[in-house]
Amino acid sequence: MATVECRNIRKCYGELEVIRDFNLSIEDHEFLVFLGPSGCGKSTLLRMVAGLEDITGGDLLIGGARMNDRDPGDRGIAMVFQNYALYPHMTVRHNITFGLERMGVDKAEVERRLAPVVETLGLAIYLDRKPVELSGGQQQRVAIARAMIKTPEVFLFDEPLSNLDAKLRGHLRVEIARLHKALKSTSIYVTHDQLEAMTLADRIVLMNQGRIEQMGTPEEIYSRPATLFAAGFIGTPNMNFMQFDVENGALRDGLIHLPAPVGAPAQVTLGIRPGSVEVLPEEAEGTLRATVERDEFHGETRLVALQCGTHSLMASVPAHMPLREGQELYIRLPEDKLHYFDTQTGQRLD
């Protein structure tokens with residue numbers, strides 16, 4: 001069983017505390033993604049799980065056993081890095097098998113393990129090549145194969161796709177998801193790319209300044225962001241935000257008039273995703289007048305920048321909807337698509 005548990009984990013560099021009182025339980029066979037901006041502590045946590053960083057306080061358990069003082073090689077983990085970390089003078093075959101050979105694994109056993117790994121990752125024809133003869137995507141597959149052949153209980157991925165172009169990232173995302181299901185492993189994946197997190201994760205741990213901002217399935221975090229930070233970080237294009245003072249139980253600014261959540265504070269931030277903004281050519285009940293400031297063609301959709309009173313909004317509309325700068329139109333903000341946050345604390349209100 002390859003559960004991973006963090007109990008009150010802390011990490012300090014001198015007096016600087018970068019991870020504080022971190023608690024998390026990862027289930028056997030789960031694919032969990034640490035997501036967040038640079039400097040939020042996600043890679044530091046992964047390196048503590050791997051044994052590459054000392055743990056200042058708390059306990060790390062893998063499979064129920066305390067790992068704080070165990071060497072990386074004794075933790076039953078394998079790690080795939082951002083920069084591939086392949087030996088340039090070795091062939092693909094030797095790069096994959098080198099770790100097992102250093103451990104003294106029998107040659108026949110090495111070959112037995114090698115065959116299914118290279119078949120799964122499509123590397124059989126590259127075994128005699130050097131890394132310099134491979135593309136970036138092929139090199140990353142070699143790095144994944146090197147981890148797979150160790151048959152670890154836990155796979156750790158530290159931003160493994162960030163050095164690849166968009167097409168390769170998409171291709172390898174599919175391969176990593178397929179491998180996870182085939183191997184039935186426990187996987188912990190670090191990224192700042194929300195698309196990777198949303199498409200790969202069973203659960204996302206969204207981090208901010210060394211703590212968990214929100215945790216849940218991709219659908220839960222996207223549909224009900226718990227804080228302004230979560231709402232702004234998850235979703236492409238970004239969620240629209242508008243600030244209002246609450247007057248007599250309503251959000252008012254001269255143009256927009258919406259009911260405020262029960263018990264709302266004096267200032268409320270209203271959020272709505274661009275895809276939820278309804279754009280209409282004519283005035284109708286409940287609509288607001290807006291002006292087109294910019295129209296971006298995105299293939300099947302257009303991303304339109306709008307000015308509505310004092311508020312700037314983005315709306316995602318079908319590509320066949322012709323719009324021009326300066327055009328006046330009407331928008332509707334469906335009440336069931338609105339998100340309400342306390343402006344001061346950033347916490348969700350509804």
Side-chain angles (χ1 to χ4, degrees), residues 4 24-27 29-43 45-46 49 80 82 137 140 144 154-209 211-241 271-277 296 298-303 314-317 336-339 341 346 348:
V4 179
L24 176 67
S25 293
I26 303 171
E27 300 297 324
H29 300 167
E30 184 175 15
F31 199 120
L32 184 130
V33 174
F34 286 132
L35 174 67
S38 297
C40 71
K42 57 189 186 295
S43 289
L45 270 167
L46 193 77
V49 174
V80 179
Q82 176 181 345
Q140 192 58 282
I144 294 171
V154 181
F155 276 98
L156 307 178
F157 296 89
D158 189 8
E159 303 200 49
L161 308 184
S162 60
N163 287 341
L164 306 178
D165 61 43
K167 185 176 181 179
L168 275 175
R169 286 201 303 271
H171 177 66
L172 275 179
R173 273 202 313 271
V174 174
E175 289 199 1
I176 289 172
R178 179 171 53 82
L179 282 171
H180 172 75
K181 291 181 179 179
L183 297 173
K184 297 181 179 179
S185 58
T186 302
S187 298
I188 307 175
Y189 190 103
V190 161
T191 183
H192 63 271
D193 185 326
Q194 58 171 294
L195 180 59
E196 290 178 22
M198 299 286 280
T199 54
L200 287 171
D202 295 323
R203 274 193 306 161
I204 293 173
V205 175
L206 179 60
M207 295 191 61
N208 183 24
Q209 297 181 348
R211 59 180 179 80
I212 297 175
E213 186 78 16
Q214 186 173 359
M215 179 167 54
T217 66
E219 293 84 357
E220 288 170 345
I221 295 180
Y222 182 85
S223 300
R224 286 188 61 82
T227 65
L228 275 170
F229 176 86
F233 196 87
I234 296 289
T236 301
N238 294 337
M239 184 181 284
N240 296 299
F241 294 115
I272 185 168
R273 296 202 181 276
S276 298
V277 177
E296 298 178 357
H298 285 196
E300 294 184 357
T301 61
R302 294 178 181 274
L303 186 62
M314 304 297 289
S316 182
V317 301
D336 62 341
K337 302 292 186 181
L338 300 178
H339 304 263
F341 303 92
R348 187 181 187 89

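Minimum heavy-atom separation, L303 to P274: CD1-CB, 4.4 Å. Nearest heavy-atom pair across A201 and V33 is CB-CG2, 3.5 Å. When all heavy atoms are compared, the tightest approach of L35 to A197 is CD2-CB, 3.9 Å. Here the shortest heavy-atom pairing between V190 and P160 reads O-CD, 4.3 Å. Minimum interatomic distance between G271 and M239 (heavy atoms only, all atoms of both residues): CA-SD, 3.7 Å.
Side-chain contact between Q82 and D158: absent, with no pair of heavy atoms (C-beta onward) separated by less than 4.5 Å. Residues K337 and R273 form no side-chain contact, since every pair of their non-hydrogen atoms from C-beta on lies 4.5 Å or further apart. By the 4.5 Å heavy-atom criterion applied to side chains, L32 and L24 are counted as neighbours. For the pair I26/I188, a side-chain contact is recorded, criterion being any heavy-atom separation below 4.5 Å from C-beta on. Between N238 and M314 the shortest side-chain heavy-atom distance does not fall below 4.5 Å. Side-chain atoms of R211 and E213, non-hydrogen and from C-beta on, do get closer than 4.5 Å to each other. The shortest distance between side-chain heavy atoms of Q140 and V80 falls below 4.5 Å.
In this structure, a donor-acceptor pair under 3.5 Å is present between the side chains of Q194 and T236.
In this structure, the side chain of S223 does not engage the main chain of E220 through any donor-acceptor pair within 3.5 Å. R348 places a side-chain N or O within donor-acceptor distance of the main-chain N or O of P225, the cut-off being under 3.5 Å. Side-chain atoms of T186 come within 3.5 Å of backbone atoms of H29 as a donor-acceptor pair (strictly under, hydrogens ignored).
Using a 4.0 Å cut-off between charged nitrogen and carboxylate oxygen, E175 and R173 do not count as a salt-bridge pair.
For the atom pair D202 CG and Y189 OH, the distance stands at 14.0 Å (nearest 0.5 Å). We find the CD1-CD1 distance between I212 and I204 to be 13.0 Å, quoted to the nearest 0.5 Å. Separating the CD atom in Q214 from the OG1 atom in T227 is a distance of 6.5 Å, to the nearest 0.5 Å. Considering CG of D165 and NE2 of H171, their distance stands at 11.5 Å, rounded to 0.5 Å. Rounding to the nearest 0.5 Å places CG of L200 at 7.5 Å from CG of L161. Taking NZ of K42 as the start and CG of N208 as the end, the distance is 11.0 Å to the nearest 0.5 Å.
Ring planes of F241 and F341: perpendicular class, angle over 60° (limits at 30 and 60°).
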Begin with the C-alpha distance, continue with both residues' side-chain angles, and end with the deciding distance and a verdict on side chain to side chain contact (heavy atoms under 4.5 Å, CB included) for L45 and M207. CA-CA 11 Å; L45 270 167; M207 295 191 61; 3.4 Å; yes
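Atom CD of Q209 is surrounded by 12 or fewer heavy atoms from other residues, nucleotides or ligands within 6.0 Å.
For the side-chain contact (heavy atoms from CB on, under 4.5 Å) test, residues two or more places apart in sequence or in another chain that qualify with S185 are F155, H180, L183, S187. By the salt bridge (Lys or Arg N to Asp or Glu O under 4.0 Å) test, R178 pairs with no residue at all, sequence neighbours left out.
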